[in-house]
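Throughout, a chain's letter reflects where its sequence line sits, starting with A, and its residues are numbered from 1.
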2 protein chains.
Amino acid sequence: MNEQEHDIPEIVIIRLPLYVRTLNELKLLNQTTVSSQHLGNLLQTTPAQIRKDFSHFGKFGKQGRGYNIDYLLDELRKILNLNQKWNTCVIGIGNLGQAVINYQGFKNEGYLIKAAFDISLPSRLDNKDIVIKTISDMKNTIKELNIKIGIVTVPAPDAQGVIDRLVESGIKAILNYTPMKPVLPKNIACINIDPVLSLQSMSYYLDK
Amino acid sequence: MNEQEHDIPEIVIIRLPLYVRTLNELKLLNQTTVSSQHLGNLLQTTPAQIRKDFSHFGKFGKQGRGYNIDYLLDELRKILNLNQKWNTCVIGIGNLGQAVINYQGFKNEGYLIKAAFDISLPSRLDNKDIVIKTISDMKNTIKELNIKIGIVTVPAPDAQGVIDRLVESGIKAILNYTPMKPVLPKNIACINIDPVLSLQSMSYYLDK
DNA sequence: ACGTGTGAATTATTTCACAGCT
DNA sequence: AGCTGTGAAATAATTCACACGT
């Protein structure tokens, strides 16, 4: 199988950003080349899995030599559509929403928070780069600013309503910080971040 | 296979808290009974998967009648060790750490933040229920307060060092908000929350 | 000699389908 | 009739192992 002929397993897609991150770190250390063995050591995974993952997309390595880091990074970034900025918005400007807005990690990786919405406008939230609007202005603003990704930080009971409006507004991906799994058309990507569920599953292993 | 004779797949453990959450919601709606079919509809999964998941732990249902919600909930909560409070601590009191400390969702589910640590003590952080200490006091405080879970919200370069100290201090589970995968002894549970990785993997599906 | 890319083998997970209880 | 619990079957994911290029 060569080049993406058919559906790549989602679990492979989820691992690609890990490879990108580690390759960036190697680059910072002035490495130019890496083997699947070495990358596997750094990522606590097997060389076979890394080679198999890459094989879904093409042949990026050289036998006997491993992978050229710059080349592999660029290929992976192209696959993941990381060679461009993505406009995002935050819905819900409470504690969590403000923490998300202030977090620099999104911007550093090319995810620009262009707008933030809430039911009513907060009095103080000084950020020149971000448009603050009410949820009733969502659809227009999202289209005008070419926003493709929504970050949902409203209270759980409001989430499905907000997400329905995001979908109507043309959003294509959702990062959902709400403790619920939204109902969505299947062409919309969504990842749920749910720290309580994480603690609860880890609790299984406690006192064992 | 009856009762947990051998290792339950982690993927099953990860789904159990979802069942607990949905059963709680049904209980709030005064339902007393539920079938795997109905639960599957609510959770957007298949009845077969739910029954198979439960079958790792015992027989909780009645043929022809489905599951008694109170009974099933209690069994699942016992399996997950949710019928007790767990003491936790936060390491790193920046934006994110403070958002975590202020979030009520942990407390509501029995995860009590008893202490917070940073390199130096912040001047203002008024919270009567939480002990604020420097990282040098970590080991003693964690042992004194019987803390079993650490929530890591320090900058990435500091994370491995902090996590090593948590392990030394006797912590058994880690919720890691840092964009790195820590090296850990395999008897320590760890879940990484990494919103940037999530956005990057969703970006694959954008512009498709 | 090193290390990729990949079919084949293995292992894990999901789904099927039905006997049997209520 | 309705619905669980579970072997068996089907599907998916990982790992093996090696031919072949550098």
Measure CG/Asp7(A) against P/dA13(D) and give the value in whole Å, please.
11 Å

His38(B) NE2 to dG2(D) P, straight-line distance once rounded to whole Å:
16 Å

Spacing between Asn68(A) atom CG and dC2(C) atom P, to the nearest angstrom:
21 Å

Between dA1(C) atom C1' and Lys62(A) atom NZ, what is the distance in whole Å?
19 Å

Length of the CD-P vector between Glu10(A) and dT14(C), whole Å:
13 Å

Please check the phosphate of dT14(C) (OP1 and OP2 only) for any side-chain N or O of Arg15(B) closer than 4.0 Å.
yes

Can you check ring-ring contact (aromatic ring centres under 6.0 Å, His included) on Phe54(B) and Phe57(B), steps first, answer last?
CA-CA 6 Å; Phe54(B) 292 167; Phe57(B) 304 98; 8.4 Å; no

Provide the closest heavy-atom pair for Ser203(A) versus Leu80(B) in the form atom of the first, atom of the second, distance.
CB-O, 3.2 Å

Phosphate-side-chain proximity, Ser36(A) and dG3(C), N/O vs OP1/OP2 below 4.0 Å
no

Measuring from the side chain of Ile11(B) (C-beta onward, heavy atoms only), which nucleotide among dG20(C), dT14(C), dT6(C) has the closest atom?
dT14(C)

Could you tell me the separation between the CZ atom of Phe57(B) and the P atom of dT6(D), rounded to a whole number of Å?
13 Å

Whole Å only: how far is the CD atom of Gln37(B) from the C1' atom of dG5(D)?
16 Å

Which part of the nucleic acid, if any, lies within reach of Arg51(A) when heavy atoms closer than 4.0 Å are counted: base, sugar-phosphate only, or nothing?
base

Verify the contact: side-chain N or O of Lys59(A) to OP1 or OP2 of dT6(C), cut-off strictly under 4.0 Å; return yes or no.
yes

Can you check whether Lys133(A)'s main-chain N or O pairs, donor with acceptor, with Asp137(A)'s side chain at less than 3.5 Å?
no

Which is more 5' along DNA chain D, the nucleotide nearest Gln63(A) or the one nearest Ala48(A)? Just name the residue.
Ala48(A)

Sub-3.5 Å donor-acceptor pair from the side chain of Ser169(A) to the main-chain atoms of Asn140(A), do we have one?
no

Between Gln104(B) and Asn102(B), is there a donor-acceptor pair closer than 3.5 Å when you use the side chain of the first and the backbone of the second?
yes

Side-chain contact check for Gln49(B): nearest option of dT6(C), dT14(C), dT4(D) is dT14(C)

Shortest non-hydrogen separation from Met180(B) to Arg21(A) and the atoms involved
N-NH1, 3.9 Å

Report the nucleotide, chosen from dT22(C), dG5(D), dT4(C), that has the shortest atom-to-atom distance to any side-chain atom of Arg65(B).
dT22(C)

Report which part of the nucleic acid Pro9(A) touches: base, sugar-phosphate, or nothing (heavy-atom distance under 4.0 Å, all strands).
sugar-phosphate

Please report, rounded to the nearest Å, how far the C1' atom of dG3(C) is from the CZ atom of Phe60(A).
17 Å

On DNA chain D, more 5' by nearest nucleotide between Gly64(B) and Tyr67(B) is Gly64(B)

Give the nucleotide from the list dT6(D), dG7(C), dG5(C) with an atom nearest to the side chain of Lys52(A).
dG7(C)

Determine the contact category for Phe54(B): base if any of its heavy atoms lies under 4.0 Å from a base atom, sugar-phosphate if only primed atoms, P, OP1 or OP2 are that close, otherwise nothing.
nothing

Out of dT4(C), dG5(C), dT15(D), minimum distance to the side chain of Thr46(A) belongs to dT15(D)

